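The structure appears below as structure tokens.
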Amino acid sequence: MNYWLVKSEPAAYSWADFTRDGGTDWTGVRNYQARNFLRQMQPGDLVLYYHSVSDKQVVGLAEVAAPAAPDATAPAGTDWVAVRLTPREALPTPVTLARIKQDERLSQVALLRQSRLSVMPLRPAEFDVLLELGAG
DNA sequence: GCCAACGTTGGC
DNA sequence: GCCAACGTTGGC
């Protein structure tokens, strides 16, 4: 079991959109490092859902429902992938970026160290802390 | 609106 | 292969 965090601009595709759809293929990733993480995802892995830009907080918990497969939105001949994600639950208390920054236990998270990466792994301990903070 | 980070593109 | 220019992301 691995743990991940994905980012989305709420204006583009929000947690509300995601839950309304009952899940989605996580398409559109066009960064090699992020793609490599998508490829490592396994069904059942847990994924925190972060709203970037306008919201800047972790808002929900999702799960990998299907492993990496060719991204149908990518041009033919390219090798981008998408995974299927389904929602589990909204966090009772969204975890803000400010809160993350102030918690020593989260000082190494990729979200802080590599702000532009849109798909990233979380250490189990980091995932636990985020869920705990999100529980309120 | 600005700017830092950083990935990509293209000229050489 | 190097590197400057440029575009995008995302925090402030």
Side-chain angles (χ1 to χ4, degrees):
Chain A
M1 160 87 71
N2 291 303
Y3 302 97
W4 309 94
L5 182 145
V6 297
K7 302 201 295 196
S8 184
E9 287 192 42
Y13 192 74
S14 68
W15 172 259
D17 296 326
F18 179 55
T19 54
R20 183 202 58 222
D21 293 345
T24 196
D25 291 325
W26 205 255
T27 56
V29 171
R30 298 291 183 270
N31 169 282
Y32 291 108
Q33 196 180 358
R35 183 196 66 186
N36 292 341
F37 290 135
L38 289 178
R39 283 180 169 161
Q40 293 172 35
M41 290 186 181
Q42 301 287 336
D45 284 359
L46 296 177
V47 182
L48 287 169
Y49 196 109
Y50 176 81
H51 274 170
S52 64
V53 183
S54 56
D55 211 27
K56 287 175 284 183
Q57 53 188 4
V58 180
V59 294
L61 177 65
E63 162 177 359
V64 177
D71 179 345
T73 71
T78 60
D79 125 19
W80 302 110
V81 300
V83 296
R84 178 85 187 166
L85 297 181
T86 51
R88 275 216 172 178
E89 63 197 21
L91 296 187
T93 306
V95 184
T96 65
L97 182 62
R99 184 78 187 79
I100 291 169
K101 283 185 171 177
Q102 103 193 16
D103 196 310
E104 287 178 3
R105 296 170 295 175
L106 298 173
S107 62
Q108 302 301 310
V109 291
L111 187 69
L112 300 183
R113 311 201 126 223
Q114 216 180 331
S115 67
R116 292 183 58 189
L117 188 61
S118 65
V119 178
M120 64 195 75
L122 292 172
R123 296 187 179 93
E126 294 168 341
F127 176 83
D128 289 346
V129 168
L130 286 164
L131 260 201
E132 169 198 320
L133 295 174

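The structure presented is a predicted model; accordingly, all values stated were derived computationally and were not measured. Below, chains carry the letters A, B, ... as their sequence lines are ordered, and counting in each starts from 1. Note that these values count all heavy atoms, side chains included, but never hydrogens, waters or copies made by symmetry.
By the 30° and 60° cut-offs, the orientation of the rings of A:Trp26 relative to A:Tyr13 is perpendicular.
Here the CG atom belonging to A:Asp45 is positioned 5.0 Å from the CG atom belonging to A:Asn2, to the nearest 0.5 angstrom.
Reading DNA chain C from its 5' end, the first and the last nucleotide to sit under 4.0 Å from a heavy atom of chain A are C:dG7 to C:dC12.
Ionic pairing of A:Asp79 and A:Arg39 is present here: one or more N-O contacts between side-chain nitrogen and carboxylate oxygen are shorter than 4.0 angstrom.
Aromatic ring centroids of A:Tyr49 and A:Trp4 lie 6.0 Å or more apart.
At distances below 3.5 Å, not a single donor-acceptor pair connects side-chain atoms of A:Asp25 with backbone N or O atoms of A:Thr27.
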